[in-house]
Peer 1: 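Shown below is the structure under consideration.
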Amino acid sequence: MPEKSIAAIRKEVLLVSNLIIPASERQLRARPTPKETFTESAAMGWRALIKMRRNPEQFFDVIIQPFLFTAMFAYIFGGAISGSVQDYLPIVITGILVQTALTACMATGVQLREDMDKGVFNRFRSLPMARMAPLVGPMTADVLRYAIAATLTLLTGFLMGYRPGGWFWGVAAGWVLVVFSGWSLSWIFAWLGTVARSAQAVQGIGMMIMFPLTFLSNAFVPVESMPGWLQWFVNINPVSLVISAVRDLMNDGAFTMQVVWAVVGCIVVIVIFAPLAVRSYSRKV
Amino acid sequence: MSSDDSAVLAHGLVKRFGDFTAVDGIDLEVKTGEVFGVLGPNGAGKTTMLNMLATLLPIDEGSASIFGVDVAKNPHMIRQLVGVTGQYASVDENMTGDENLRLFGMLLGLSSKQARTTASELLERFGLEEAADRQIKNFSGGMRRRLDLAASLISRPPLIFLDEPTTGLDPRTRGQMWDTIRDLVKEGATILLTTQYLDEADQLADRIAVIDHGLKVAEGTSVDLKSQVGNSTLYFRLADKELVPQGAAVVEAVLGETPQITPEAAGISIALPDPNRAADVLIGLREQNLEITAAEVRQPTLDEVFMVLTGKPTDSGDGDEGDDAREVDRSDSQGGATRE
């Protein structure tokens, strides 16, 4: 590129009167205000969206997995578990909705970790910005990924003949719950991302958390078919709570206590893991 | 109060990583409006010290204040006062130059419109407007550094930390960076820069601290330091190899010492008691009609500075004299000023 002459650059620098604001003329704030925290998180979300646009391969998991898993699980297990694929759909679609959201969460943690190793995070740490913004921003931008995953899973289900009893509002409410639980549970993986040594470690540990959570739940098989000691875990598994709530909303169009418990469960996860994640992030160098 | 005109005031800074002590009790005072250079080899603790002052690393022992604000107690305030330009360009590879500056602008509280204006102003000022829409991964090293510095200026900080601002840059880009730094000082910025190059500290810094193995081994103006280091060296090459003995004779006649000769290159070098004597030698050569093809008065290298200041080469030993220097610093009378 044609470089500017040094003289030209210097002249321009000198033209601008207050390139520097002296310390004595500054109003220093001891901590960021809630409004600043919000706008900074939004700016970090904007950055995450730009990066998504530049690396569309980030979307492979949330685009392919809904088709692949829905079809695979329905045709393989449908007959054995529910007698027919058609009867299995109300169970498996809701299960896979939550499972894909969880997988997408794990990717959120892995990408956050990868991102944090970059030089630009040193600058974020040196700026007077809210410590939670670099986490909240990209995590919230990832809501887009959960939304895509949930929508595509539902579409696959409809194509295969899933006719939810909750009709439009039930399905819409279930969809919102899935996306919200994705955002909440991603705080677990964000925390992992801040404590693990590498992105690979987040991936490895994430798998070990994700598989028991999804398979030791009511996602794919009726809980009654499991041994008693396992049922105990399955019933307190937050993933089961969310799946039951999504089933109530989508299949029955009913706003039950299950839904309340699912939302409470998600909030508990945020309350525990968000402060942990923000704290270990701000300690990291 | 002595801290009134201090931009940075640090006492006994210590940073340990496990058993390794990266910074071992450094005192530092940077006055408002000056360029302060921290000179030292790789691994001396320069970056660690800067990171502690920039709130990027917790301070293990000692205290530091910036414009009277305590670094450990008020990190959020410190971040409003300091612009940091890191050793490795801390900008986002996957974003364009314009997007990077807009992002940092918004993170510093500008509206998206203000951020856009500031970004285009800074891009223009740093001669980067052609690259505004290019992703950073396609930038040259010099462009990255300039963008990095531009990003540090969005908040118009009164104090700027530059961590090895020109390491790895070609001489021309390096000169541009130096000019930019000088302009910032004219605008009223205080600058704390680290460097491995004596000539960079010499060119830019009003005062220099030499750091080795986490200890400050010397401090002063570049003239002070060089007078401790001593002689500079004159090196010249003659046009005609056959005339090297005559050239050597001129040197002996002027300075009274026998020069070193590299016959293959027709090169002659001699240590100078005073750099001004170089002219005498060159005049002597002219009088004898000896034609030269090259001549330079070399500054002492960083290695030579270290040899003199620590009595050891840069890469070994922890330097007894270093400990002495630290004792001297600790007894500095401005001791308690930061604690108020």
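Keep in mind that this is a model prediction, so the values were computed, not measured. Note on naming: letters A, B, ... go to the chains in the order of the sequence lines (proteins, then strands), and numbering restarts at 1 for each one. Both backbone and side-chain heavy atoms feed into the values below; hydrogens, waters and symmetry mates do not.
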Peer 1: Shortest non-hydrogen contact from A:Ile20 to B:Pro158?
Peer 2: CG2-CA, 3.7 Å
Peer 1: Identify which of A:Ala43, A:Pro32, A:Pro22 forms the greatest number of heavy-atom pairs closer than 4.5 Å to chain B.
Peer 2: A:Pro32
Peer 1: Let me know if A:Phe124 has heavy atoms under 4.5 Å from chain B in its side chain, its backbone, both or neither.
Peer 2: side chain
Peer 1: Could you check which of A:Glu25, A:Arg29, A:Arg31 has the highest count of heavy-atom pairs closer than 4.5 Å to chain B?
Peer 2: A:Arg29
Peer 1: Can you tell me which portion of A:Arg26 sits under 4.5 Å from chain B's heavy atoms? Options are side chain, backbone, both or neither.
Peer 2: side chain
Peer 1: Could you walk me through whether B:Asp148 and A:Arg123 pass the salt bridge (Lys or Arg N to Asp or Glu O under 4.0 Å) test, one step at a time?
Peer 2: CA-CA 9 Å; B:Asp148 206 22; A:Arg123 181 174 296 283; 2.4 Å; yes
Peer 1: Using non-hydrogen atoms and a 4.5 Å limit, figure out which bit of A:Ser126 sits close to chain B: side chain, backbone, both or neither.
Peer 2: both
Peer 1: Report the C-alpha separation of B:Thr96 and A:Ile50 in whole Å, then their side-chain angles, then the decisive distance to 0.1 Å, and conclude whether the side-chain contact (heavy atoms from CB on, under 4.5 Å) test is met.
Peer 2: CA-CA 10 Å; B:Thr96 66; A:Ile50 289 177; over 6 Å; no
Peer 1: With rounding to the nearest 0.5 angstrom, report the CG to CD distance, B:Leu107 to A:Glu36.
Peer 2: 11.0 Å
Peer 1: Mark yes or no for whether A:Arg47, through its side chain, and B:Glu99, through its backbone, hold a donor-acceptor pair below 3.5 Å.
Peer 2: no
Peer 1: Which atom pair, heavy atoms only, marks the closest approach of A:Gly119 to B:Ser90?
Peer 2: O-CB, 3.2 Å
Peer 1: Please classify the contact of B:Ala115 with chain A as side chain, backbone, both or neither, using a heavy-atom distance under 4.5 Å.
Peer 2: neither
